[in-house]
Amino acid sequence: MTGPALGREFYQCPTDDVARALLGKLLVRHAEGATVVMRITEVEAYLGTEDPACHTFGGRRTPRTETMWGPAGHAYVYLIYGLHHCLNIVTVGVGEPEAVLIRGAIPIVGIDTIRERRGFPASDRLLADGPGKLCQALAITRSDQGCDLTAIDSALFIVDDGFMVDDSVIEKSGRIGVAYAGSAADWPLRYRVHSDIRG
DNA sequence: TCTAGGATCGGCT
DNA sequence: GCCGATCCTAGAT
């Protein structure tokens with residue numbers, strides 16, 4: 001599972017491309033004295049001011065979304081339904097408030113830690129098969145808002161270990177839970193790996 | 001200051 | 001498949 005941590009340039013690309021490229025990458029998290037590594041299996045792209053499903057649609061700029069307006073490669077974390085955290089990674093560049101939502105991943109290292117955080121024994125696949133579950137598994141909260149994934153010694157970063165995800169195992173579909181965004185909910189910006197890529 | 005509603009999850013039917 | 005939990009955020013007043 002060794003490999004170079006992804007640098008800023010990886011994230012400074014069109015959001016749709018970054019989303020696709022993140023599939024199969026390793027999410028590495030140091031927190032609470034433990035290290036957890038997970039392989040990304042599901043993501044969604046959010047295309048900024050032109051995307052009705054995106055928090056920055058129409059140029060909205062608030063304290064919450066401020067991170068999205070900043071440089072690529074930072075974590076945009078928010079609370080949804082008063083209960084769950086969602087982890088996004090800012091893409092493109094300053095003034096282009098786009099991001100990729102990490103929706104799901106498979107545990108690679110630290111499964112015991114993840115089970116402890118999730119509070120019940122479940123199959124590995126069910127430990128982080130949703131954005132809220134993923135953040136719980138990784139112990140991500142709003143205190144991680146703005147975290148720079150490309151910084152040396154960052155508590156959260158992404159590694160490319162050379163694992164390749166073939167297009168044939170990727171399911172592309174509309175986005176989840178954004179019906180309020182009208183037809184934009186159907187834009188094919190969700191990517192999900194539908195085979196076992198534990199690697 | 002007030003209020004409506006949300007990029008979800010898990011339990012129950 | 002349906003529904004309640006739960007509280008922050010953003011926009012309105």
Side-chain angles (χ1 to χ4, degrees), chain A residues 11 14-23 27 29 36 38 40-70 72-92 96-107 114-147 149 156 158 170-193:
Chain A
Y11 306 101
T15 304
D16 197 33
D17 295 343
V18 176
R20 166 63 180 86
L22 280 172
L23 291 176
L27 196 49
R29 169 67 165 166
V36 163
M38 308 190 80
I40 298 170
T41 59
E42 186 177 342
V43 298
E44 279 180 6
Y46 283 85
L47 307 183
T49 60
E50 305 297 311
D51 179 357
C54 187
H55 288 170
T56 56
F57 176 59
R60 281 198 301 256
R61 186 165 188 164
T62 65
R64 179 175 65 149
T65 62
E66 190 58 33
T67 299
M68 284 188 71
W69 291 86
H74 288 249
Y76 169 54
V77 181
Y78 67 91
L79 190 67
I80 187 64
Y81 299 122
L83 300 173
H84 307 288
H85 295 279
C86 291
L87 170 64
N88 299 249
I89 301 171
V90 178
T91 55
V92 193
E96 300 285 340
E98 305 190 15
V100 175
L101 168 66
I102 310 297
R103 290 188 57 90
I106 296 175
I114 294 171
R115 284 183 186 282
E116 214 169 282
R117 287 173 181 161
R118 296 274 293 116
F120 65 94
S123 77
D124 295 351
R125 187 165 293 280
L126 297 177
L127 286 171
D129 63 336
K133 298 177 184 179
L134 181 97
C135 285
Q136 194 178 4
L138 295 173
I140 286 174
T141 67
R142 277 176 306 156
S143 63
D144 296 294
Q145 176 73 269
C147 173
L149 277 64
L156 178 68
I158 294 176
I170 295 176
E171 171 192 331
K172 207 173 175 183
S173 66
R175 289 171 295 181
I176 304 296
V178 292
Y180 64 83
S183 62
D186 297 324
W187 292 355
L189 296 176
R190 177 189 181 211
Y191 295 87
R192 190 172 74 91
V193 176

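Labels below follow one simple rule: chain letters A, B, ... track the order of the sequence lines, proteins then strands, and each chain is numbered from 1.
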I need the [atom1]-[atom2] distance between [X] and [N], as an integer number of Å.
X	N	atom1	atom2	result
A:W187	B:dA7	CH2	P	15 Å
A:F57	B:dG6	CZ	C1'	17 Å
A:Q136	B:dC9	CD	P	10 Å
A:E66	C:dA10	CD	P	11 Å
A:R61	C:dT9	CZ	P	17 Å
A:Y180	C:dA10	OH	C1'	13 Å

Between A:Q136 and A:R117: side-chain donor-acceptor atoms closer than 3.5 Å
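No, no side-chain donor-acceptor pair sits under 3.5 Å.
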
Once rounded to the nearest 0.5 Å, what's the spacing between atom [atom1] of [X] and atom [atom2] of [Y]?
X	Y	atom1	atom2	result
A:I176	A:L101	CD1	CG	10.5 Å
A:L127	A:I114	CG	CD1	6.0 Å
A:H85	A:I80	NE2	CD1	11.5 Å
A:T41	A:I170	OG1	CD1	11.0 Å
A:Y46	A:T56	OH	OG1	11.5 Å
A:T49	A:E96	OG1	CD	7.0 Å

If you assign each of A:G177 and A:K133 to its closest nucleotide in DNA chain B, which residue comes earlier from the 5' end?
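Mapping each residue to its closest nucleotide by heavy atoms, the 5'-most match is A:G177.
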
Below 4.5 Å, heavy atoms only, C-beta onward: do A:Y76 and A:T91 meet side chain to side chain?
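No - every pair of side-chain heavy atoms lies 4.5 Å or more apart.
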
Classify the nucleic acid contact of A:R142 as base, sugar-phosphate or nothing, counting any heavy atom under 4.0 Å across all strands shown.
sugar-phosphate

Have a look at A:R64 and say if it touches a base, only the backbone sugar-phosphate, or nothing, with a 4.0 Å heavy-atom cut-off.
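Sugar-phosphate only.
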
Does [N] have OP1 or OP2 under 4.0 Å away from a side-chain N or O of [X]?
X	N	answer
A:R118	B:dG10	yes
A:T62	C:dA10	yes
A:R60	C:dT9	no

Sorted by number, residues from residues 75-90 of chain A placing a heavy atom under 4.0 Å from DNA chain C are A:L79, A:Y81, A:G82, A:L83

Steps toward salt bridge (charged side-chain N to carboxylate O under 4.0 Å, His left out) verdict (A:K133, A:D129)
CA-CA 7 Å; A:K133 298 177 184 179; A:D129 63 336; 2.7 Å; yes

Which dot-bracket string describes DNA chain C (Watson-Crick N1-N3 plus N6-O4 or O6-N4, or G-U N1-O2 and O6-N3, all under 3.5 Å; [ ] crossing; | other strand)?
|||||.||||||.

